[in-house]
Amino acid sequence: MQRPPGIITLTTDFGESDPYVAIMKGIILSINPDARIVDITHQLPAGSIQEGGLIIKESYKYFPSGTVHVGVVDPGVGGKRRPITMLADNHFFVGPDNGLFSPMIEVQGHTGIIHLKEKRYWMNKISSTFHGRDIFAPVAAHLSLGVNPFLMGEKIDNPTTLTYPLPSKNNSDLVGEVIRVDHFGNLITNITREYLSTFLKSKSLIIKIASLVLKKISNTYNDVPEGQPLALIGSSNLLEISINMGSATKYLGREYGVGTKVIVRRHSANIEL
Amino acid sequence: MQRPPGIITLTTDFGESDPYVAIMKGIILSINPDARIVDITHQLPAGSIQEGGLIIKESYKYFPSGTVHVGVVDPGVGGKRRPITMLADNHFFVGPDNGLFSPMIEVQGHTGIIHLKEKRYWMNKISSTFHGRDIFAPVAAHLSLGVNPFLMGEKIDNPTTLTYPLPSKNNSDLVGEVIRVDHFGNLITNITREYLSTFLKSKSLIIKIASLVLKKISNTYNDVPEGQPLALIGSSNLLEISINMGSATKYLGREYGVGTKVIVRRHSANIEL
Amino acid sequence: MQRPPGIITLTTDFGESDPYVAIMKGIILSINPDARIVDITHQLPAGSIQEGGLIIKESYKYFPSGTVHVGVVDPGVGGKRRPITMLADNHFFVGPDNGLFSPMIEVQGHTGIIHLKEKRYWMNKISSTFHGRDIFAPVAAHLSLGVNPFLMGEKIDNPTTLTYPLPSKNNSDLVGEVIRVDHFGNLITNITREYLSTFLKSKSLIIKIASLVLKKISNTYNDVPEGQPLALIGSSNLLEISINMGSATKYLGREYGVGTKVIVRRHSANIEL
């Protein structure tokens, strides 16, 4: 493998008011002064392993091959969960083995996953509360310099994985759910463009979420008047419910967040929920 | 033109909890691995085109000539609004043609504005919901490498512009308004130092906003006791209403935000509003 | 001294919705195009000089020697407080002489502190409201290029210092207090691991805060069941009160924040407060 590009991304639930993220950056720059560090987000709700995995999955592929992606959503820090690194889709991932990298393990399978053990790639002292600082940041910096991850520990083939809800088919209904609500209040579902296009036989459909019924999939937010709801395939190739110049989460109510069912029915028969 | 410095700034209404900003950075670094990316802010209220323009106007000039400033406040994404780049005051600007760059167009006039059309400078697939990722980030990266903007599309001379409120004179009164409230609760008006100094003939004046009457322009926050209100010419050369060690927006009430009238009267006659 | 690594950190109370932080970065990159800039935090509560000092103290040592740390919590800007730079523990610090750097002055003593006076290292125009932009950013950029700080002004030996509360001993009681509440709701006290280990003669102890009594110091968050409180030595080597998978500040109530007393008693005798 050629020398990696020296880019390291960080995704955590640390927030931005404490020095924790900056401490990781200081360690990285101490080991690789030429590293370029990009924050994905530090605003994951505390302990949101599944949401962290979705965010990393959505963003990693826009970075150059060989980028090192550090994820620290680590409520089990200091306990028995293993620190790992893995190579998937030509990107490196570093963090706790608690399911955070499930979407990447799904892509790659159970190969190329290393249980981090070699302490020479770590800080000298290892706390029981901040492995982002003591293990993951220095390991990421060494990976960004081209250190072979297989030198850093032992291969494992039993990583912890979390399952994400998948849409299900039920006669003429496709039943999915909201998996993420973004900053604009868009309700992003687990129904992909591909899944939807194999399900639908014609353009005639009904989409139902909460009390809202939509009769088509729009191309842009502006296909409906300002303040009106619509469904479209968003920038991540997922069906989303939005409001033109507004927030779907405000429109429907905050109780319709992650986990809310979304039904797509072929033809325009009535839906009874 | 000599090679640009490779600096790219980002101003958006994306917030920092989603991966959208980082995705733009990943694309930029994939095209120009040496780009240095600086966030201006991602906390613009959703769809605040005018406020975005003020923020870009206030900050761009502190960067080196040739810096590329990307602005994405783009509620009309996927509709008919054009993607543009422009060269103004020796800086590049990239984003939607929806008035976001009005303050820079005011500086430069309707020259040097390009309707982006050349798809070889874009991502391969163009979504209808995220041109920040698909068009503006890659175009900015190419500009930061020195690609001539005139190769990227066609010159236009009819950009969309928004008008900002200007102060007006009414006998001995100068009537301006609050155009931005900053993080400290300072109320920043549209009255410039220059405008004020041509209006005033002596140092004798009264400033009135909401129920507050001030009788001078202070030099520093500390010119008045802690917790007391004052008017001064702020760091952007604009008249602002502040509280020493406090927040003017909390002091006056949040209802006196953007759009609130501010009256400056020559001499110390009484003001009746 | 060898050439510094060109790293500059920023710690302010500016928030991230205004262009103020980015303006400082633009100035830094205009002077030192190769500077690498790291945000520590910009979310300090407005005017929180003491909290700013704690954050800088906790983070600076993870950066390479020669890093320049800019701190701007500066409610007295434009008044009589002096702009300073200091060299402590092989790091540079730049900001107002208002006590912000007290923890570093404690490390270093009153040596190596420079009252900034040489205007050729500043911006051309100096406002009375934004020295972060006009003085501290350009000075930091010049320091990151290797300019000798002793050329930038005059040595002083009377810096402003703030005292932080220290724990006290009272027979078998050690009385400390909460000095910081982090993003996770951990209550971080001023009792260091070293202080605690010289105080304790055995492992038998009681810790009391608010109505909560804890009977041991845990090693990790997971030593107690989910949702249960614990005391441990956190990543900064300070005693902290936490909740496994939860927030101590929510558990105890927000009224038990900075300043709340924490009592450690040797042996397991009852504590009466």
Side-chain angles (χ1 to χ4, degrees), chain A residues 5-7 9-11 13 15-16 34 36-45 48 51-52 54-67 69 91 180-186 188 193 218-223 226 230 232-237 240 242-247 250, chain B residues 6-8 10 12-39 41-49 72-81 96 98 123-138 141:
Chain A
I7 301 171
T9 78
L10 304 178
T11 305
D13 60 356
E16 286 148 5
D34 295 322
R36 278 147 302 149
I37 306 170
V38 176
D39 300 299
I40 306 291
T41 186
H42 301 291
Q43 296 184 4
L44 288 166
S48 300
E51 194 169 341
L54 285 179
I55 294 277
I56 297 172
K57 176 193 179 187
E58 189 170 338
S59 49
Y60 86 85
K61 55 183 176 282
Y62 294 100
F63 287 82
S65 290
T67 295
H69 304 275
H91 289 251
R180 203 162 74 77
V181 179
D182 78 6
H183 173 73
F184 295 102
N186 297 313
I188 301 170
R193 180 197 297 273
S218 301
N219 287 317
T220 76
Y221 301 119
N222 295 286
D223 281 1
E226 202 171 315
L230 71 151
L232 51 59
I233 304 294
S235 60
S236 322
N237 261 328
E240 73 183 50
S242 305
I243 306 294
N244 184 21
M245 311 261 178
S247 159
K250 276 194 198 150
Chain B
I7 300 171
I8 296 173
L10 305 179
T12 76
D13 60 356
F14 290 174
E16 287 148 5
S17 53
D18 297 311
Y20 305 144
V21 172
I23 286 171
M24 291 178 65
K25 294 180 180 176
I27 289 169
I28 289 169
L29 291 171
S30 297
I31 295 170
N32 181 359
D34 295 322
R36 277 146 303 147
I37 306 169
V38 176
D39 300 299
T41 186
H42 301 293
Q43 297 184 4
L44 287 166
S48 301
I49 296 171
V72 193
V73 183
D74 197 11
V77 60
K80 281 177 286 182
R81 70 97 190 91
N98 60 11
M123 296 292 277
N124 286 331
K125 281 190 190 173
I126 307 302
S127 72
S128 58
T129 56
F130 192 5
H131 288 184
R133 176 189 67 187
D134 304 330
I135 300 179
F136 305 133

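Sequence lines set the chain letters: A, B, ... in the order given, protein chains first and strands last, and positions in each chain run from 1.
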Checklist line | Best-contacting candidate, A:T67, A:D182, A:T11, A:N244, against chain B by heavy atom pairs under 4.5 angstrom | finding: A:D182

Item checked: Spacing of OH belonging to A:Y60 relative to CD1 belonging to B:I23, to within rounding of 0.5 Å -> 12.0 Å

Check: Roughly how far, to the nearest 0.5 Å, is NZ of B:K125 from CG of A:N237?
Finding: 6.5 Å

Check: At a heavy-atom separation under 4.5 Å, does B:R133 approach chain A through its side chain, its backbone, both, or neither?
Finding: side chain

Margin query: Quick check on A:I188 against chain B: is it the side chain, the backbone, both or neither that has a heavy atom closer than 4.5 Å?
Written below: side chain

Checklist line | Contact origin within B:M24 toward chain A - heavy atom pairs under 4.5 Å | finding: neither

Check: Relative to the ring of A:F184, is the ring of B:Y20 parallel (under 30°), tilted (30 to 60°) or perpendicular (over 60°)?
Finding: parallel

Item checked: A:T41 side-chain N/O to B:P19 backbone N/O, donor-acceptor pair under 3.5 Å -> no

Checklist line | Interface residue of largest heavy-atom contact number with chain A, from B:G15, B:S127, B:G79, under 4.5 Å | finding: B:G15

Margin query: Using side-chain heavy atoms (C-beta onward) and a distance below 4.5 Å, is B:P75 in contact with A:E226?
Written below: no

Notebook entry, point to check: Looking at B:P33, B:A137, B:A46, which has the largest count of heavy-atom pairs under 4.5 Å with chain A?
Noted result: B:P33

Next item on the list: Measure B:D134 against the heavy atoms of chain A and call it side chain, backbone, both or neither at under 4.5 Å.
Entry: neither

Check: Would B:K25 and A:D39 pass as an ion pair if we require N to O under 4.0 Å?
Finding: no

Check: B:G78, B:A22, B:G47, B:G76: which one forms the most heavy-atom pairs within less than 4.5 Å of chain A?
Finding: B:A22

Next item on the list: Measure distances from A:I56 to the heavy atoms of chain B and classify the residue's part below 4.5 Å as side chain, backbone, both or neither.
Entry: neither

Checklist line | Side chain to side chain, A:H183 and B:H42, heavy atoms closer than 4.5 Å | finding: no

Margin query: Return the OG1 to CG distance between A:T9 and B:L29, rounded to the nearest 0.5 Å.
Written below: 11.0 Å

Next item on the list: Heavy-atom distances under 4.5 Å only: say whether A:I55 touches chain B with side chain, backbone, both or neither.
Entry: both

Note to self: Nearest 0.5 angstrom please: A:I7 CD1 to B:S30 OG, how far?
What the structure shows: 6.5 Å

Next item on the list: Could you give me the CA-CA distance, side-chain angles and deciding distance for A:R180 and B:D18, then say whether side chain to side chain contact (heavy atoms under 4.5 Å, CB included) is met?
Entry: CA-CA 10 Å; A:R180 203 162 74 77; B:D18 297 311; 2.6 Å; yes

Checklist line | Any donor-acceptor pair under 3.5 Å from A:T220 side chain to B:S128 backbone | finding: no

